[in-house]
Amino acid sequence: MNISEHLNEVNSRIARACARSGRSVDEVTLIAVSKTKPLEDLQAAYLSGSRNFGENKVQEIVEKQPQMPEDARFHMIGHLQRNKVKQVIPYVVMIHSVDTVRLAQQIDQEAGKMDRIMDILLEVNVAGEESKFGFTTEETEAAVLEISRFPHVRIRGLMTIAPFVDDPEENREVFQKLYQLSVDIKKKNIDNVTMSVLSMGMTGDYEVAVEEGATMIRVGTGIFGAR
Ligand SMILES: *Cc1c(COP(=O)(O)O)cnc(C)c1O
């Protein structure tokens with residue numbers, strides 16, 4: 001299958017997952033994770049309707065974004081070092097991978113200098129994996145409160161990278177936990193925090209994530225093939 005056929009397949013699977021769970025397809029944004037892929041692949045996805053692209057390296061975003069049509073939106077989804085924040089801000093619409101208060105503070109400072117308000121998600125290490133970045137579920141609410149005071153970032157929700165598993169059902173509980181955490185935080189009505197975005201689900205498990213309330217799913221291999 002080519003990129004266009006892969007996209008059709010992913011979109012119809014999303015539609016079926018929405019139907020199963022009584023959700024509208026409009027609630028789910030597909031982010032085409034184009035890391036390591038050449039510009040031609042992004043252009044092919046764009047021509048087939050993709051408008052949201054996910055990358056995990058600042059250098060790749062800085063190179064690819066200016067070469068894509070203006071309505072192609074780039075999302076930073078990978079671990080971000082504080083010394084690269086300034087460089088990436090002009091090229092992205094959202095940073096999904098905010099994993100420390102210090103990183104949020106750096107984004108606030110740099111966005112302020114550019115007279116911007118940066119949309120961010122807090123990354124939560126729901127499964128408590130040693131190898132992963134992110135706040136623990138227990139730390140997240142306090143981090144939201146602290147970061148909500150920074151004037152040049154706006155917390156839009158939460159993101160998680162679920163464990164790599166053979167059976168996507170094994171991650172259902174992870175997605176349920178992130179959903180519940182976002183509901184709990186939303187109830188606190190914290191100023192400057194919306195909790196309207198849940199970024200969860202990848203090629204192996206996005207249908208389960210959609211069933212459990214994902215509003216952004218990040219699919220790479222399922223669209224562009226193996227890396
Ligand atoms: C690479 C990556 C994805 C996409 O992974 P696939 O399994 O190829 O769909 C999603 N999220 C993050 C944070 C990634 O780094």
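Counting starts at 1 for both ligands and their atoms, following the listed order.
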For ligand 1, find each of its N or O atoms that sits under 3.5 Å from a protein N or O atom, and tabulate the pairs with distances to one decimal place.
residue, atom, partner, partner atom, Å
ligand 1, 8 (O), Thr221, N, 2.8
ligand 1, 8 (O), Thr221, OG1, 2.5
ligand 1, 8 (O), Arg227, NH1, 2.9
ligand 1, 8 (O), Arg227, NH2, 3.1
ligand 1, 9 (O), Thr203, N, 3.0
ligand 1, 9 (O), Thr203, OG1, 2.4
ligand 1, 9 (O), Gly220, N, 2.8
ligand 1, 11 (N), Arg218, NE, 2.8
ligand 1, 15 (O), Lys35, NZ, 2.7

Measure from the ring center of Phe74 to the ring center of Tyr91 and say whether it is less than 6.0 Å. no
Tested for side-chain contact (heavy atoms from CB on, under 4.5 Å) against Leu122, the lone hit among Val101, Val98, Ile185, Leu103 is Val98
Do the side chain of Asn125 and the main chain of Phe135 share a donor and acceptor less than 3.5 angstrom apart? no
Any Lys/Arg nitrogen of Glu110 or Lys86 sitting under 4.0 Å from an Asp/Glu carboxylate oxygen of the other? no
Taking 4.0 angstrom as the limit, do Glu60 and Lys57 come out as a salt bridge? no
Which heavy atom of Ile217 sits nearest to which heavy atom of Met200, and what is that distance? CG2-O, 3.3 Å
